[in-house]
Amino acid sequence: MFDDLGAQRLVALFLAGAFFFNFPLIALWDRDIAVFGVPLFPAGLFIVWGAVIALAAWVLERSHD
């Protein structure tokens, strides 16, 4: 189905993103801690979301080589 290695990496990245945005792991960030004045929960979501986007861009750019 996914013969291209880039497509397989994107599927794995999707599954990892779904894992990290699932309830048990998101509940770990629900603390009364601030990171640079921003509560930990939205900061953690933004960092993981940005990392997933950056990794997707890296996989897509690398798959053309």
Side-chain angles (χ1 to χ4, degrees):
M1 181 172 175
F2 295 109
D3 294 332
D4 185 21
L5 186 60
Q8 292 176 3
R9 287 179 178 161
L10 285 176
V11 170
L13 182 61
F14 169 77
L15 292 174
F19 176 74
F20 283 118
F21 285 114
N22 204 353
F23 171 70
L25 289 179
I26 283 184
L28 293 175
W29 297 335
D30 196 15
R31 305 279 187 253
D32 291 332
I33 301 171
V35 177
F36 299 114
V38 179
L40 182 63
F41 186 72
L45 286 178
F46 183 74
I47 289 170
V48 171
W49 173 66
V52 168
I53 290 174
L55 286 171
W58 181 66
V59 166
L60 287 173
E61 289 295 320
R62 188 172 173 175
S63 66
H64 292 292
D65 291 343

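Numbers here are sequence positions counted from 1. Since we're looking at a predicted model, the values are computed, not measured.
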Applying ring pair (Phe, Tyr, Trp, His ring centres under 6.0 Å) to W29 and not counting sequence neighbours gives none
Just verifying a value: how many Å separate F41 CZ and L28 CG, rounded to the nearest 0.5 Å? 11.0 Å
Cluster check I33, I47: I/L/V/M/F/W/Y, side chain < 4.5 angstrom: no
Only counting residues at least two apart or in another chain, list the ones meeting side-chain contact (heavy atoms from CB on, under 4.5 Å) with A56. L10, L13
Is it true that L40 and F36 fall in one hydrophobic cluster, defined by side-chain heavy atoms closer than 4.5 Å? yes
Taking a hydrophobic cluster as the set of Ile, Leu, Val, Met, Phe, Trp and Tyr residues connected by side-chain heavy atoms closer than 4.5 Å, whether directly or through intermediates, do F20 and I26 fall within one such cluster? yes
Minimum-distance pair of heavy atoms, taken over all atoms of G17 and V52: CA-CG2, 4.3 Å
Residues forming a ring pair (Phe, Tyr, Trp, His ring centres under 6.0 Å) with F21, sequence neighbours excluded: none
